[in-house]
There are 2 protein chains.
Amino acid sequence: MNLKELSHLLGISQTTVSRALNGYPEVSEATRARVIAAAQAHNYSPNTRAQGLATGHSRCIGHVISVNDSGEMVNPIFGDFMAGAGETYAAHGYDMMMTRVGAQDESDTYRNLQARGAVDGLVVHAPRNSDARLPLLTEIGLPFVVHGRSTGTDLDYSWLDVNNRRAFQDAARYLVSLGHSRIGLINGQETLDFAIRRREGYVSALAEAGLSVDPTLMVSGEMTEKYGFASASAMLDLPNPPSAFLVSSIICAVGVRRALDARDLKQGSDVSIVTFDDCLSYFANGSETPVFTAMQSSVRAAGAALAQMLIDRINTPDAPHTQTLWEADFVIGPSTGPYKSPHTKD
Amino acid sequence: MNLKELSHLLGISQTTVSRALNGYPEVSEATRARVIAAAQAHNYSPNTRAQGLATGHSRCIGHVISVNDSGEMVNPIFGDFMAGAGETYAAHGYDMMMTRVGAQDESDTYRNLQARGAVDGLVVHAPRNSDARLPLLTEIGLPFVVHGRSTGTDLDYSWLDVNNRRAFQDAARYLVSLGHSRIGLINGQETLDFAIRRREGYVSALAEAGLSVDPTLMVSGEMTEKYGFASASAMLDLPNPPSAFLVSSIICAVGVRRALDARDLKQGSDVSIVTFDDCLSYFANGSETPVFTAMQSSVRAAGAALAQMLIDRINTPDAPHTQTLWEADFVIGPSTGPYKSPHTKD
DNA sequence: GCGCCATTCCAAAGCGCTTTGACATGAGAG
DNA sequence: CTCTCATGTCAAAGCGCTTTGGAATGGCGC
């Protein structure tokens, strides 16, 4: 069923049918009701492509997912982010498109998306330091919002970020206040902006406590369970191991916990763990009874909020850019406890 | 830059430019080379919507993601599936679209996708028993492939599934061979087809070993970490607790492990765990040194394979349907061991 | 009865592309 | 030297929609 058929069927012109469906005032309510009923009865929906051609908009939002250098890792927060964003898109009649891209042809992909008119705007994921995507998108005039921030650019752009620096500073302070002086940092990839900020927060908390920063207690990498396990294992096997860990994701933290288990170390008493928690739906840390002491911020909520920001930008491109900084919630769970000398027996 | 501008620029008609770019033989190679060079130089790509209108195809594949009844859970395998599928789509010039939908308006969503011509085909995720989507899609003539299967329909359709029944049967047999007679099943939601098959495999292995099936040792639910923890905890606190667990996902298995930890039970010696493992990139069980004894099958590979199946279906709709059954790999890790009476001391 | 607005509707153009059918051009056959 | 026949190119129609500019219709005041 298309517009022409439907209008013939109703004995009305295509114009009127179109206007009736799109809520224009020039059509009587009686006609509008009749049209809507008929459209529903015949399961008519305007052809997306034709509508897009005519209006010049695609009513579609792009998400470019870069696979990492090794080409393997998929960000575990992705699903929850999309679930949050999808809700907002659906409410505004937008479709949601994904493009997977390798690191090498990244800018081509963005350019192509623009040239083809495939999307009305897009979300930039996992921004890096001085991320080249921001000037590129600005130049080609594709509206975008950033999940996170990119230091090292003087461009004005819209973003929503968690205060990663503050979160890790507070968490490190908390561990210091419990008496820990050797704290391992199991960070995300420090090519990514958020990881850099997290390290800054960690370093500054140590500095203000007069503690030295030991490079052997700081690692950076893709946040997998295995990485958490391997990093924690290596640090625990040092001659002077850490008594606490600051971990960048709950997935990693599971790996850290495994490393403790393997050494018969009790988390919370022997070794403390604080982790960042994106509130993944399948790995709820739970506010009632947390599994880990954590800095939490819902990536799903971030998805929903960023989607709204982007739609607003698309609708009013000349409005000033918006910057939103969320504070993570700090919840105390059983994975942290006061410092205990390794020589102390229970 | 659009076709008209590009053709003016070259002093050639739109027809010729279009043909040159689309590889038609009626254009001389000299002209073709000139056209391609110019297109590249001016970053020209045909407008997706216009191309779609003209050809009648969207070159876009849909993925409808149903949020669960409670509206909260996002399937953790989703990201890896899409990464696999995305690779295939990109190689064939297809875009990938996602639609998030609540359970109530599910069929409307599919109908709408078809009516709008938004997608050329789609992947059906998480099929249920006698899934209503299969007859619906068949009726409205939207090509599809199913990730999994749906028992209880006599429809002919294309699918790719893991032999879940066999995997769970083999795993249960293995536990039985280790001397376990009380084996807890922590299954996925048994509204879903794969979970039903998994239970069947479990039940049949117990039956052939002459073991009784204890309903208190079988649970079904959304595969979150918390669910794994809560289910295992409840079973372990029974008067006659299980000595082994069969778990439906690695995320759940982490929760089960936590339940053991909380009771100071050592996995592999006190209690055994076998889990299904989708080979999630951020939670590699690793073939070199597995974390869990597991039945593994890569959901990413499944995504890639299903995408190819779907594209084939779209290209040759009259070809016979294809059904593919993958066997899971059984890997033995440290999470399983011989049965040990709870009264035995180390 | 006439003119004048609102109101309601319509025909046609245009969005950027593909594709049909036709048309020049030059080479080879007669 | 003309007649075909590939070869390479083009103008125009059409995909299904929105939207502009215009045209009927009917109610009202004069």
Side-chain angles (χ1 to χ4, degrees), chain A residues 1-36 38-39 42-60 93-95 112-120 315, chain B residues 1-36 38-39 42-60 93-95 112-120 315:
Chain A
M1 174 70 51
N2 61 23
L3 226 208
K4 194 201 275 191
E5 289 166 24
L6 186 65
S7 65
H8 274 171
L9 212 127
L10 284 162
I12 307 183
S13 81
Q14 298 189 33
T15 309
T16 305
V17 174
S18 172
R19 304 211 116 135
L21 291 174
N22 291 327
Y24 282 70
E26 301 92 330
V27 47
S28 72
E29 284 312 315
T31 309
R32 190 191 306 282
R34 211 159 64 87
V35 168
I36 290 176
H42 297 85
N43 191 37
Y44 168 77
S45 289
N47 181 289
T48 303
R49 296 184 295 277
Q51 197 167 32
L53 230 206
T55 59
H57 306 299
S58 62
R59 291 202 80 79
C60 186
Y94 275 84
D95 286 322
N112 189 254
L113 241 28
Q114 199 277 332
R116 290 163 53 214
V119 299
D120 288 347
N315 290 338
Chain B
M1 174 70 49
N2 61 22
L3 227 208
K4 195 200 277 187
E5 290 165 23
L6 186 65
S7 65
H8 273 171
L9 213 126
L10 284 161
I12 306 183
S13 80
Q14 299 190 34
T15 309
T16 304
V17 174
S18 172
R19 302 211 118 133
L21 291 174
N22 292 327
Y24 282 70
E26 301 94 329
V27 47
S28 71
E29 284 310 316
T31 310
R32 191 191 306 283
R34 210 158 65 86
V35 168
I36 289 177
H42 297 85
N43 190 37
Y44 168 76
S45 290
N47 181 289
T48 303
R49 297 184 296 278
Q51 197 167 30
L53 230 207
T55 59
H57 306 300
S58 62
R59 291 201 81 79
C60 184
Y94 274 84
D95 286 322
N112 189 255
L113 241 28
Q114 198 278 332
R116 289 162 54 213
V119 299
D120 287 347
N315 290 338

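Chain identifiers are assigned alphabetically (A, B, ...) following the order of the sequence lines, protein sequences preceding nucleic acid strands; residue numbering begins at 1 within each chain.
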Whichever of A/Ser28 and B/Met1 has its nearest DNA chain C nucleotide further upstream toward 5': A/Ser28
Interface with DNA chain D, restricted to residues 2-13 of chain B and to heavy atoms under 4.0 Å: B/Gly11, B/Ile12, B/Ser13
Pairs where residues 3-13 of chain B contributes a residue and the test side chain to side chain donor-acceptor pair (under 3.5 Å) is met, not counting sequence neighbours: B/Ser13-B/Thr16
Start and end of chain B contact along DNA chain D [non-hydrogen atoms, under 4.0 Å]: D/dG8 to D/dG16
Polar side-chain atom of [X] near backbone of [Y] as donor-acceptor pair, under 3.5 Å:
X	Y	answer
A/Arg59	A/Gly52	no
A/Arg19	A/Pro25	no
B/Asp120	B/His57	no
A/Ser45	B/Asn112	no

What pairs with [X] under side-chain hydrogen bond (donor to acceptor under 3.5 Å, both in side chains), at least two apart in sequence or on another chain?
X	result
B/Thr15	none
A/Asn2	none
B/Arg32	B/Glu29
A/Asn47	none

Five-pair end axes of the helix from C/dG1-D/dC30 to C/dG30-D/dC1, angle between them (10°): 60°
Check against side-chain contact (heavy atoms from CB on, under 4.5 Å), A/Val119 and A/Gln114: CA-CA 7 Å; A/Val119 299; A/Gln114 199 277 332; over 6 Å; no
Sugar-phosphate only, base, or nothing, as touched by A/Gln51 at under 4.0 Å among non-hydrogen atoms: sugar-phosphate
Using the test side chain to side chain contact (heavy atoms under 4.5 Å, CB included), find all partners of [X] that sit at least two apart in sequence or belong to another chain.
X	result
A/Ser28	A/Ala30, A/Thr31
B/Ala54	none
B/Leu53	A/Ala50, A/Leu53

Look for any protein N or O under 3.5 Å of an N or O in nucleotides 19-21 of chain C and output each such pair with its distance, or none.
| residue | atom | partner | partner atom | Å |
| --- | --- | --- | --- | --- |
| C/dT19 | OP2 | B/Tyr24 | OH | 2.5 |
| C/dT19 | O4 | B/Thr15 | OG1 | 3.2 |

Residue mapping more 5' on DNA chain D - nearest nucleotide basis, A/Pro46 or B/Thr31: B/Thr31
